[in-house]
Amino acid sequence: MAEQTEKALPDSTAATGRGQRQVLIGTVVSDKMDKTIVVAVERTVVHRLYQRYVKRTSKFTVHDEKNDCRMGDRVSIVQSRPISKRKRWRVREVVERAK
């Protein structure tokens with residue numbers, strides 16, 4: 001019975017036992033800190049009164065272990081355990097380099 005439940009779970013869930021982690025894609029807006037970047041993630045929401053789509057931006061402080069990311073890069077970030085007071089995200093990969 002235990003073998004069946006392990007096979008039914010995705011690989012990432014079976015390995016960590018923590019479930020799926022949230023993944024977002026955004027643009028690096030600041031890289032001035034050591035091993036830390038600020039990523040702006042844009043999303044569209046429907047305005048309650050006017051029923052039109054409005055862009056909303058959220059900024060996340062992200063851990064960049066290799067100091068690899070630069071301003072303007074598109075990066076994929078993944079939620080993680082608290083790293084510092086405001087850092088709860090890590091860089092997963094650089095999707096596109098800035099020109």
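Computed from heavy atoms alone, side chains included, the values below leave out hydrogens, waters and symmetry copies.
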Do [X] and [Y] come within less than 4.5 Å of each other through their side chains, counting heavy atoms only?
X	Y	value
R43	S58	yes
N67	D34	yes
V46	Q51	yes
L24	S76	no
W89	I83	no
V91	I37	yes
D31	C69	no
T57	V41	no

Where is the tightest heavy-atom contact between [X] and [Y], given as atom of each residue plus distance?
X	Y	result
K55	T44	CG-CG2, 4.2 Å
A98	G72	CB-C, 3.6 Å
T36	T61	CG2-CG2, 3.3 Å

Derivation and outcome, side chain to side chain contact (heavy atoms under 4.5 Å, CB included), residues M71 and S30: CA-CA 6 Å; M71 277 187 61; S30 173; 5.5 Å; no
Between V39 and T27, does the side chain to side chain contact (heavy atoms under 4.5 Å, CB included) criterion hold? Intermediate values first, please. CA-CA 5 Å; V39 176; T27 306; 5.9 Å; no
Check the pair V38 / K32 against side chain to side chain contact (heavy atoms under 4.5 Å, CB included), numbers first and verdict last. CA-CA 9 Å; V38 179; K32 296 185 185 329; over 6 Å; no
Tell me whether K35 is salt-bridged to D64, with the criterion being a basic N under 4.0 Å from an acidic carboxylate O. no
Any sub-3.5 Å donor-acceptor pair from D73's side-chain atoms to V28's backbone N or O? no
If a pair satisfies salt bridge (Lys or Arg N to Asp or Glu O under 4.0 Å) and one of its residues is in residues 84-94, list it, with sequence neighbours excluded. none
Path from V62 to V94 over hydrophobic side-chain contacts below 4.5 Å: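 Yes.
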